[in-house]
Each structure stands twice: as structure tokens, then as C-alpha cells.
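Report on the structure given below.
Everything numeric in this text was worked out from a predicted model, so none of it was measured. Letters A, B, ... are given to chains in the order of the sequence lines, protein chains preceding strands, and every chain is numbered from 1.
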There are 2 protein chains.
Amino acid sequence: MYSPITIDALRTLDAIDRRRSFAAAAEELYRVPSAISYTISKLEEDLGVELFDRSRRKAELTAVGRLILEQGRQILVATEELTALAKQTDEGWETELRICIDSLINCEPVYDLIEQFQKLQPRTELRLTEEVLGGSWDALNSEQCDLVIGAEGDPPSQGFGIHLLGQVEFVFAVSASHPLTDMQQPISLQAIQDYPTVVVTDSSRYLPVRSTGLLDGRSRIAVSSIEHKIAAQIRGLGVGYLPKFRIKKELEEGKLKQLMLAETRSPRSISIAWRNTSKGKGVQWFVSQLRQMVFDQDSGLQRPK
Amino acid sequence: MYSPITIDALRTLDAIDRRRSFAAAAEELYRVPSAISYTISKLEEDLGVELFDRSRRKAELTAVGRLILEQGRQILVATEELTALAKQTDEGWETELRICIDSLINCEPVYDLIEQFQKLQPRTELRLTEEVLGGSWDALNSEQCDLVIGAEGDPPSQGFGIHLLGQVEFVFAVSASHPLTDMQQPISLQAIQDYPTVVVTDSSRYLPVRSTGLLDGRSRIAVSSIEHKIAAQIRGLGVGYLPKFRIKKELEEGKLKQLMLAETRSPRSISIAWRNTSKGKGVQWFVSQLRQMVFDQDSGLQRPK
DNA sequence: TTTAATTGATCAAAATATTTGAACTATGTA
DNA sequence: TACATAGTTCAAATATTTTGATCAATTAAA
């Protein structure tokens, strides 16, 4: 119960339709008209269906002919796509590449890279996800993604390629009208205890959850990204550490105020990371591009001038 | 810039994978193992890509091989589908058949028919739409559908096949607690004027809109189907004529009360209708099935016992 | 209207492509 | 170690496709 449809026959049908005649199609396909006749008659015979109406001299597609032509074109496109995809895969380009961006990172420079990549390699499908804190290491480890941009701290296990982007400095910030702003600095940890803390919920699902480094036993407001955390603290819903470069404007405009604490928090190192087993050119390309970037205390991730 | 992929090669690849060996695939395809070798080597050569890892005795698919296998299977399915579709189309079955059911009709018997049809002809795609009043004639005329079930009255122009199902009797009904129930019957048209009328909005878009036959110049509540009209009248939002068979239960349960009017409304004839140019077996099948049904004053559309 | 040009079909011969079967190599198994 | 199995290679056999010449039906041009 095989289908007698052949890629070659579909290609012939397509050429006949585009060029409006058997003769022109023959020319396009570097064949002789009788060869085209043969190909079509064969398909008609095998299929048991008339594809052209021969009552006139000028062969016209029948309804079924048109159906096969139109659906057949999709099959042609699919095989051509598949060929291209196979060649790219063979050359080492991934079919799919999943990038995970930690919510800490400013996305704009990454979007620029992605745009560049898509021009270079339009057939590699890119998937972006956002994770926070340990979540990105976890996504990498469990093969939910191939590349992490903005992984914080050290890898939780072996087998990762890693490139240090820089340090993120965290500052303890509160909204301008917050009662803590009236207190004498440095502020004791004791005093902070009275206000709820905004924490970014770690999206880790498989690796042991890592703490955000904030003090325990207080009321918390959990949010899912740095953006939300910044917004929550501006509204005065809570207090907490924020990456300095992400709140530069807010500090300048006075929406947030930086406070000195009795106990300061050391800067965290952030990196890009990938699995050592990732040999695809896509991952390599992104890594080599990102190696040329630095993470700057003031401006976040960017290409150095 | 042609793709060297061949349906035959994809089929061979598929057989090798399913049967776990070149030899078994050869058997399945009624060929000799060396022919299978040849087909695969040719594809590999034309594609310039290794599909099997021959480092061991047992040939194993490479990553690219697996890609071509998996995507190729979809192409195989598509060509087989296309073949089947072409044959059915050639035999006179539609690829797509659009049926329009007037909201007046009780749908259950139509759904039964549809289920039967899908078993008989699973490759004909059915599309159902619902129209009201003249909307169904309009949909037929403008080729938005191929068959109307429940068209009301006479065709607005030539060129339609038509089969009368029966008469629909309309009764003037109001909710049980409606003030009109306290009045002496028959009720004058004058008295009705005081209450809003629920009208089903004609969904016609191209043909001249036909009136619902209700009296003009009063406040109206427009709804989009009979179901909504019934619901609205039960709630006492308005009054109006309803098809008797659709509100049998509501009358028995006392949710709606039938009122006698000074001026009675004559029953409307309803039919199935199709374009005379429709020669497809699908339309013919539905017509012949529906010819065996009648539209009964009490139970609506049904197969006679 | 007649003529010339074009379109597609048909057919035998020629050119290609595929399949076969025997011989061979490598690998895993008894 | 010998044996069986899996896949490859190669020349010969077979099948398929392409070609080129010829024909009939249309259409365009003279």
C-alpha cells in the first residue's frame, strides 16, 4: 500500500505550473519535453488519477491535479528544509539551541547577539528562558538549556564550561519614604528585622535550593524576577539587596535610597556557562561572542568600548 | 540547488530503523540487502552527510541520520495522506465540506449524521457553522458553506437544490410570572407593545436582511441564537414567538406560558438546501440521509419511527 | 484562409539507474 | 577457535528514464 508520489514528480508538476507549459518545464529541468510527459503520465497511471485535462492542446490542471500541486509544494519545501537542516547539523550547528538568561542580567546586549545569530544561522531555532539564581545552573545541569548567561557563583558540579563576566555589587536599598531612611547609619541587622524582605524565589527544581543570602525568620515577599523585586521595593512593600547597576537610575531619581548596613554584602561573581559536552557551533559562537563582553559594575553586561 | 532526498530513500531509512537492520529492511521491501546498502549510500553521497555510523558491525544512525529519519517520517505521512486525498477527491468526495445549521434546528440528529459520515469518510474535513434565519441562505449563496440544514422559507434566488423538512409552528410565549399572563386572551397587539421583544439577529451579511416578522417600533433585545432567545424569555427579559418544539419542556414545566394573540402567526416551512453546482459525494450523502428525516411539530428534526 | 510555430503524445533506441547474487570483511557469539 | 550475522563491494542483469524523431492538434501570424 505504497504511495506512488515521487519528489521528482512533484518537482516536475511544480515546474509545469510555474512555467505554464510542459516544454518550458522541460527546459527548466534540463530535460526534453517527452521526458516531462513521461513523468506525469507515470504519476497519473500509478495514482490512477488524471492530473491534467487534455481535451485542449494546452494542458490544464484538473481539480485533483491542483490539489496534488498545492499540497505537493509543501512537501517539496519540507524536503528542501530537511536537506538544509541536515547539512547544517552535519556541519555542527544545532537544530535547536536553548539559552537561559538569569533575571539579574540586562537583556538588551543579549538580544543584539540573538539578532546577529539569527541572521547568521536562521535555521537554528533559538529558545529563551529566564531563571533566577541557582535556577540557571539547574537548567543547565538537567539539560533544559544549553547555555546560561548570568549564572551566579560557582558551578554546583563538574562538567561545565564557564567564563567569568564580572562582579555584581549588591546594595541594600529601600524606597525613598521608608522609615529606615530616618535611622542612623550604619543600620543594625536588628532594625531591618522589623520590615518585610523582598526575595527572588529560586526557580531551581532539581538541585538543592540555595539561599538568597538574606536573613531568615522574617516576613518575606516572594517575587519571580529582579524586575519585580525592584518594583516591589520602590513601592515600599519591602526591603532588600539589589544589584547596583540595575537600580542606578532609581537611585539618581531618588525613588530608591541606598543604606549602609552594619554588615556589608560581598560582590557576587557572574558568568556564562555551558555543558562541556556541548560541541555545537551555536553554543561556541555565543560563548566566543560573550567572551568579548564584560559585566561592568555600573552598566551591567556590555561590549567594552 | 535541488534536494537529493527521495521518497524511496526515506521509506528505506524508515524500514531499516523499524526492523533494526539492513537485512530485515531488505526483506520487508522485497529487495536484496545490497540494494538497501546502495540506496543509503547514494543518499549519503548526494547529501554529503553520513547517515549511519559503520564503526561497528551493526549500523547505527548518526545524529543527522536520526534527524532525517524523524523529519522524513512526517514527509512520508504527508505523501501518503496526499495520495489518499487525491484518490478520494477523484472519486468525488470533497476535501472540505462546510455545513451550516440554522439555530432553529435541534442539533443532536445532525451530530449523529456527522459522526456516521466521519466513520465513512474520515478524510473529508467537516466544518460546522451556525446561522440564523436568512443567514443560512446567504452563507450558501456566497459559497461560505456547501449545505444548509434548517433554511427557513424559500430560496432568495435560483440555483439551489432544496428539500422540505416540514413546518415549524411558532407560539407566542412569555415567562410564567409575566404581567401579560394576567390579561384576558386573545391578547391585542396593542398590549404587547408595552413589553420589549426578544429578537434573533439575522446574521446575513450580503443578501437583503429579512425581518423576523415581529412588530416594529418597540424596544428590542437582540440575541444571536434561538437558545439565547429562549433563555431571555424565560428570564422575563422580553416576549416573542418561539418554535413550539424547542420549548415543549419549558411549557410543561411552566417556565414559559403560551399566550393566544389576536393575530396568529402562520407556521414557517424549513428545508435543507445546497447549491445545484455541488456535485460532491459528501453533499449528496448528507442530502440523501436528511431526505429520510422529517421535521416534526413536536420533536423537531428526527428520523421517523 | 493558409502558413508557420507551438504544444504535447508516442515510440523505439540509447543512456542511466537500480537490483541482484556471489564473494568478501568485520564483528560478535557459541 | 570456529561460526553465524551484518553490511559492503562489484560485475552482470534488469528496469527505468531520457532522448530524438515523428505526429496530431491548436494557436498565432501572414
Less than 4.0 angstrom from a charged side-chain N to a carboxylate O is my criterion; do [X] and [Y] meet it?
X         : Y        : answer
Arg54(B)  : Glu44(B) : yes
Glu143(A) : Arg98(A) : no
Arg11(A)  : Glu80(A) : yes
Lys58(B)  : Glu60(B) : no

Worksheet item: Which residue pairs pass the side-chain hydrogen bond (donor to acceptor under 3.5 Å, both in side chains) test with at least one member in residues 277-287 of chain B, sequence neighbours excluded?
Response: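 Sorted result for residues 277-287 of chain B: empty, none.
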
Discussion item. So if I take residues 17-35 of chain B and measure heavy-atom distances to DNA chain D, which residues fall below 4.0 Å?
Written reply: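 Ser21(B), Phe22(B), Ala23(B), Ser34(B), in order of number.
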
Worksheet item: Near DNA chain D, which residues from residues 44-55 of chain A have a heavy atom under 4.0 Å away?
Response: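 Under 4.0 Å from DNA chain D: Ser55(A).
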
Worksheet item: Does any pair with a residue in residues 56-76 of chain B pass ring pair (Phe, Tyr, Trp, His ring centres under 6.0 Å), and if so which ones, sequence neighbours excluded?
Response: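 Listed once each, the pairs would be none.
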
Worksheet item: Taking atom C1' of dT27(C) as reference, at what distance in whole Å does atom CZ of Arg56(B) sit?
Response: 11 Å

Discussion item. So, applying salt bridge (charged side-chain N to carboxylate O under 4.0 Å, His left out) with Arg66(A), which one of Asp14(A), Asp17(A), Asp53(A) is it?
Written reply: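 For Arg66(A), the salt bridge (charged side-chain N to carboxylate O under 4.0 Å, His left out) check succeeds only for Asp17(A).
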
Worksheet item: Is Thr39(A) touching bases, backbone alone, or none of the nucleic acid, heavy atoms closer than 4.0 Å?
Response: sugar-phosphate

Response to the item:
Contact span of DNA chain D against chain A, any nucleotide atom under 4.0 Å from a heavy atom, 5' to 3', runs dT16(D) to dT26(D)

Practice prompt. Find out whether Leu13(A) and Phe52(A) are in side-chain contact, i.e. whether some heavy atom of one side chain is under 4.5 Å from a heavy atom of the other.
Written response: yes

Worksheet item: Would you call the rings of Phe117(B) and Phe286(B) parallel, tilted or perpendicular, where under 30° means parallel and over 60° means perpendicular?
Response: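 Tilted.
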
For the [atom1] atom of [X] and the [atom2] atom of [Y], what is their distance to the nearest 0.5 Å?
X        : Y        : atom1 : atom2 : answer
Leu85(B) : Thr79(B) : CG    : OG1   : 12.5 Å
Ser3(A)  : Leu47(A) : OG    : CG    : 7.5 Å
Asp8(A)  : Leu76(A) : CG    : CG    : 10.0 Å

Discussion item. Can a donor-acceptor pair be found, under 3.5 Å and without considering hydrogens, that links the side chain of Thr124(B) to the backbone of Glu96(B)?
Written reply: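 Checked: no pair found.
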
Fill in: Bending between helix ends of the helix from dT1(C)-dA30(D) to dA30(C)-dT1(D) [5 pairs per end, 10° resolution]
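Answer rounded to 10°: the end axes differ by 20°.
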
